[in-house]
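Structure first, then comments.
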Amino acid sequence: MAQRTLAALTDNKNLKPRSIALVVAAALAVIVSLLDLIFYSTLLHFFVLFAIVFLVGYFLTYYALEVFIYRKIKLIYKRIHNLKLGRDEKDTLGENVNEDTIDEVESEVEKWAANKKQEIDDLKSLEKFRKEFLANLSHELKTPLFNIQGYVHTLLDGAMDDPEVLKHFLERTSKSIERLSNLVDDLDEISRIERGEESIIKEIFDINQMVKDVFESMELKAKSKSIRFSIKKGCDRQFYVNADKEKMRQVITNLLDNSIKYGKENGETVAGFYDMDENILVEITDNGIGIDEKHLPRLFERFYRVDKHRSREQGGTGLGLAIVKHIIEAHQQTINVRSTVGVGTTFAFTLEKAEDK
């Protein structure tokens with residue numbers, strides 16, 4: 001019976017010092033009293049001895065648990081709790097801690113373990129991102145540097161004596177230097193945005209008119225692939241937003257540049273605007289080659305390219321969409337992308353709505 005009681009009680013994960021002391025004292029008293037009754041004593045002596053052993057066992061066990069175990073656990077708990085709150089241990093060493101200390105310690109340890117696991121997972125993810133970023137950056141820098149090196153060495157080896165070859169190689173060298181310069185400028189811009197050094201100067205303007213202005217400025221580039229720009233039917237009216245006009249011009253330019261690079265010959269890029277009560281939703285849609293769904297979650301990462309070989313042939317630094325995302329998020333807004341291979345791609349972002357001027 002004592003064993004069953006002990007087993008039932010020890011199955012409870014929320015045992016207190018008194019509960020443990022009771023179990024130990026009762027078990028000890030039963031064992032000692034039964035041995036005494038069998039070999040030496042009477043029934044009366046049995047009950048007296050049981051009471052004495054029970055009381056002595058209870059107080060000794062409770063004292064031992066409280067002094068040597070629970071107080072130390074309470075102290076550890078206080079220190080953990082104070083460290084989490086950023087408080088000095090001396091401020092609360094005299095505070096009372098209730099008898100649920102074991103439960104609280106267990107809960108705190110479980111939370112700590114879960115948080116540490118999440119931190120480790122985050123660190124692993126960041127480490128993976130860092131390695132990919134450095135590998136991609138190294139590759140992006142190597143390509144134009146190797147090109148420049150090759151052109152210069154060829155010219156020094158005697159090719160500069162031919163005026164046509166000299167001009168041709170100098171033009172290619174100039175393009176590689178321009179690519180390097182653009183890469184450094186884009187990296188610098190992203191860094192400044194992340195550090196909060198790139199200020200957002202908001203003003204009220206018509207986003208529809210601004211998109212039309214960008215259409216006009218990129219018309220020649222679009223004509224090289226016979227791509228048409230247009231405003232979606234029903235959206236060709238004024239939509240006033242409160243945003244940084246020049247940075248939004250950069251966003252639209254980058255998105256339209258992408259639609260031209262990866263658009264189809266004789267294709268079309270359409271801009272749409274939608275009133276979402278507090279925000280204006282802007283969509284840039286093309287009927288180009290589209291993007292496989294597996295690439296969409298990483299599309300805004302720095303240097304991420306869906307088709308690396310083709311992307312580099314198209315030019316660019318691989319940072320355009322990363323800059324777009326940073327600019328939109330600096331406005332406290334969101335951007336997303338949806339795409340179907342062979343059908344086209346739509347980039348959609350929101351901007352703060354403003355009242356008409």
Counterpart residues, side chain to side chain contact (heavy atoms under 4.5 Å, CB included), relative to H168 (two or more places apart)
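Testing H168 for side chain to side chain contact (heavy atoms under 4.5 Å, CB included), a comparison that skips the adjacent residues, returns R172.
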Which residues pass the salt bridge (charged side-chain N to carboxylate O under 4.0 Å, His left out) test with [X], sequence neighbours left out?
| X | result |
| --- | --- |
| K245 | none |
| K221 | D257 |
| E178 | none |

In terms of heavy-atom contacts, does CD of E265 have more than 12 from other residues, nucleotides or ligands at under 6.0 Å?
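Counting neighbours around CD of E265, more than 12 heavy atoms of other residues, nucleotides or ligands fall under 6.0 Å, so yes.
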Taking CD in E171 as the centre, count heavy atoms belonging to other residues, nucleotides or ligands within less than 6.0 Å. Is the count above 12?
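Yes, enclosed.
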Verify side chain to side chain contact (heavy atoms under 4.5 Å, CB included) between S230 and F215, making sure each step is shown before the conclusion.
CA-CA 8 Å; S230 64; F215 279 173; 5.7 Å; no
Are any of the side-chain nitrogens in [X] or [Y] under 4.0 Å away from the carboxylate oxygens of its partner?
| X | Y | value |
| --- | --- | --- |
| E301 | R298 | yes |
| E329 | K325 | yes |
| K353 | D277 | no |

Would you give the length of the straight line joining atom OH of Y151 to atom OG of S176, rounded to the nearest 0.5 angstrom?
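Here the interatomic distance stands at 5.0 Å.
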Rounded to the nearest 0.5 Å, how far does CD1 of I252 lie from CD of Q250?
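One finds 11.0 Å between CD of Q250 and CD1 of I252.
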Are side-chain N/O atoms of [X] and [Y] paired as donor and acceptor at under 3.5 Å?
| X | Y | result |
| --- | --- | --- |
| D213 | Q209 | yes |
| Y240 | Q238 | yes |
| T346 | E283 | no |

Under 4.5 Å side-chain heavy-atom separation, chaining through any Ile, Leu, Val, Met, Phe, Trp or Tyr, what else clusters with M276? Say none if it is isolated.
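Answer for M276: Y274, L281.
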T269: which of T345, L256, L255 passes side-chain contact (heavy atoms from CB on, under 4.5 Å):
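Result for side-chain contact (heavy atoms from CB on, under 4.5 Å) with T269: L256.
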Give me the one residue out of L155, I148, T154 that meets side-chain contact (heavy atoms from CB on, under 4.5 Å) with V152.
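Exactly one option meets the side-chain contact (heavy atoms from CB on, under 4.5 Å) with V152, and it is I148.
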Residues L321, N258; criterion side chain to side chain contact (heavy atoms under 4.5 Å, CB included); working and verdict
CA-CA 9 Å; L321 290 180; N258 261 27; 3.6 Å; yes
Does any pair with a residue in residues 226-237 pass salt bridge (Lys or Arg N to Asp or Glu O under 4.0 Å), and if so which ones, sequence neighbours excluded?
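Listed once each, the pairs are K212-D236, R228-E268.
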Please report the C-alpha distance between K247 and I200 in whole Å, then the side-chain angles of each, then the deciding distance to 0.1 Å, and finally whether the side chain to side chain contact (heavy atoms under 4.5 Å, CB included) criterion is met.
CA-CA 8 Å; K247 285 189 171 48; I200 300 297; 3.6 Å; yes
For the pair D244 (side chain) and I201 (backbone), establish whether a donor and an acceptor sit closer than 3.5 Å, ignoring hydrogens and angles.
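Yes, D244 side chain to I201 backbone: donor-acceptor pair under 3.5 Å.
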Donor-acceptor pair, side chain of S339 and main chain of G344, under 3.5 angstrom
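Checked: pair present.
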Do F239 and L351 have side chains that get closer than 4.5 Å, going by heavy atoms?
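No; the side chains remain at least 4.5 Å from each other.
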For side chain to side chain contact (heavy atoms under 4.5 Å, CB included), just list the numbers for F300 and F347, CA-CA rounded to whole Å, side-chain angles, deciding distance to a tenth of an Å, and then say yes or no.
CA-CA 11 Å; F300 294 101; F347 287 92; 4.0 Å; yes
